Amino acid sequence: MKLSVVIPCYNERDTLRTLVEAVRVSPCTPDEIIVVDDGSTDGTRAILDTEIAPLVQRVILHEANQGKGAALRTGIGAATGDIVIIQDADLEYDPNEYPVLVEPIRAGRADVVYGTRFGAGRSPSMFLRQRVANRVLTRLSNLFTGLRLTDMETCYKVFRREIVQAIRIEEDRFGFEPEITAKIARTGCRVHEVPISYRGRSYAEGKKIGWKDGVRAILCIAKYSPPLYASLRDRLAARLRGGSSRRPVADADDGPA
Ligand code: UDP
Ligand code: MG
């Protein structure tokens with residue numbers, strides 16, 4: 001199956017080249033790498049033509065900064081592979097882990113795979129406030145979607161292309177993560193989690209997500225998920241029938257309680 005990697009990039013002069021090189025030598029060699037430059041002003045633009053373009057299949061430019069969701073709307077729309085991986089342009093996630101991420105789709109067991117930073121025995125390097133925010137947002141998202149994720153906000157989201165291209169991405173910024181999760185849940189397709197590693201960066205190193213994005217995430221969970229009432233009703237009905245109300249989310253070795 002052909003693999004497309006979509007890289008949203010805004011002011012990542014210090015990491016973009018190293019990241020793209022790591023993607024190219026991933027054990028799961030991508031067939032297509034698409035970099036979407038989201039209006040960088042830090043000098044990233046200057047290296048796109050000279051250093052980056054020769055290493056990738058496509059470079060797409062946003063004239064002005066619009067946000068990660070907007071960059072992904074553009075990049076996902078341009079993808080032609082059978083499988084699409086989202087890859088941030090910093091070095092927080094490791095492209096060596098693509099084989100684990102694509103395996104459930106290649107094996108026909110899943111349509112969507114999330115890489116969780118909170119798998120058993122993992123201790124991702126992450127600030128406490130970020131850890132708490134991730135936990136709260138993931139639990140809230142699960143409540144609305146009926147999914148049983150441990151890391152909704154992860155960058156490593158992998159999709160069968162036709163599934164993700166059928167979704168209209170409305171959020172321009174980091175609201176993309178809860179929005180896509182909610183809309184994927186509504187399709188009823190098979191979502192798996194696999195454990196991945198993570199080395200978080202600081203704001204000094206270029207991190208852009210902030211507390212306002214956390215607030216926006218809560219609004220997006222409510223806005224894009226199936227109505228809470230319908231979700232609770234379905235789960236209650238399943239429980240009364242004696243079955244499990246959870247959709248099968250496998251592979252993560254530590255599901256939430
Ligand atoms: N990004 C983007 N446009 C923006 C902000 C971020 O394309 O306006 C990209 C950024 O370059 C990175 C990814 O989105 O590749 C995630 O951003 P960041 O690492 O700051 O967020 P976090 O890792 O905290 O989710
Ligand atoms: Mg990041």
Side-chain angles (χ1 to χ4, degrees), residues 4-23 33-48 52 56 58-79 84-95 97 114-118 124-138 141 149 151-158 169-181 196-218 220:
S4 296
V5 178
V6 175
I7 306 177
C9 169
Y10 175 56
N11 289 351
E12 306 287 8
R13 180 190 56 197
D14 296 336
T15 56
L16 181 61
R17 180 169 182 159
T18 311
L19 181 272
V20 167
E21 283 169 349
V23 170
I33 303 175
I34 301 172
V35 174
V36 182
D37 185 77
D38 187 32
S40 292
T41 52
D42 69 337
T44 302
R45 290 251 155 155
I47 63 164
L48 284 177
I52 305 300
V56 303
R58 282 197 73 176
V59 174
I60 305 177
L61 306 180
H62 280 180
E63 276 325 309
N65 176 242
Q66 297 176 48
K68 178 177 177 178
L72 289 175
R73 189 185 302 127
T74 301
I76 289 168
V84 178
I85 294 191
I86 295 171
Q87 170 69 62
D88 284 354
D90 50 25
L91 300 170
E92 297 187 320
Y93 296 81
D94 183 358
E97 295 178 335
Y114 279 31
T116 173
R117 296 166 288 180
F118 308 108
S125 91
M126 184 184 287
F127 291 113
L128 181 64
R129 63 173 181 274
Q130 197 196 343
R131 192 183 295 262
V132 171
N134 271 305
R135 201 177 173 87
V136 169
L137 293 176
T138 297
S141 167
L149 298 172
D151 192 3
M152 180 273 291
E153 290 278 350
T154 181
C155 143
Y156 270 167
K157 294 181 167 73
V158 188
I169 299 167
E170 295 168 66
E171 290 296 307
D172 279 345
R173 289 175 51 89
F174 293 106
F176 166 81
E177 317 288 359
E179 180 193 0
I180 200 86
T181 304
I196 47 113
S197 58
Y198 179 72
R199 200 193 62 81
R201 64 174 172 175
S202 63
Y203 288 100
E205 290 171 291
K207 196 167 192 66
K208 291 161 199 88
I209 201 165
W211 67 270
K212 284 186 192 159
D213 297 299
V215 174
R216 179 76 202 162
I218 295 174
C220 290

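Bear in mind that the values here come from a model prediction, so they are computed numbers and not experimental data. Remember, it's 1-based here, ligands and their atoms both numbered in the order they're listed.
The shortest side-chain heavy-atom distance between Glu12 and Lys208 falls under the 4.5 Å cut-off. Between Arg45 and Leu61, some side-chain heavy-atom pair lies under the 4.5 Å cut-off. By the 4.5 Å heavy-atom criterion applied to side chains, Ile218 and Pro178 are not counted as neighbours.
Distances under 2.8 Å from the Mg ion (ligand 2) pick out the protein N/O/S atoms Asp90 OD2, Glu92 OE1.
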Test log, rule ring pair (Phe, Tyr, Trp, His ring centres under 6.0 Å), inputs Tyr93 and Tyr198: CA-CA 5 Å; Tyr93 296 81; Tyr198 179 72; 5.1 Å; yes
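One N or O on the side chain of Thr154 and one on the backbone of Gly115 form a donor-acceptor pair closer than 3.5 Å. Without hydrogens or angle criteria, Asp151 side chain to Thr138 main chain gives no donor-acceptor distance under 3.5 Å.
A salt bridge links Glu177 to Lys157: at least one charged side-chain nitrogen sits closer than 4.0 Å to a carboxylate oxygen. Using a cutoff of 4.0 Å between basic side-chain nitrogens and carboxylate oxygens, Lys68 and Asp88 are scored as salt-bridged. Taking a cutoff of 4.0 Å between a charged side-chain nitrogen and a carboxylate oxygen, Arg73 and Glu179 do not qualify as a salt bridge.
Ligand 1 is surrounded by Pro8, Cys9, Tyr10, Glu12, Asp38, Asn65, Gly67, Lys68, Ala71, Asp88, Ala89, Asp90, Glu92, Phe174, Arg201, Lys207, Lys208, Ile209, each with at least one heavy atom closer than 4.0 Å.
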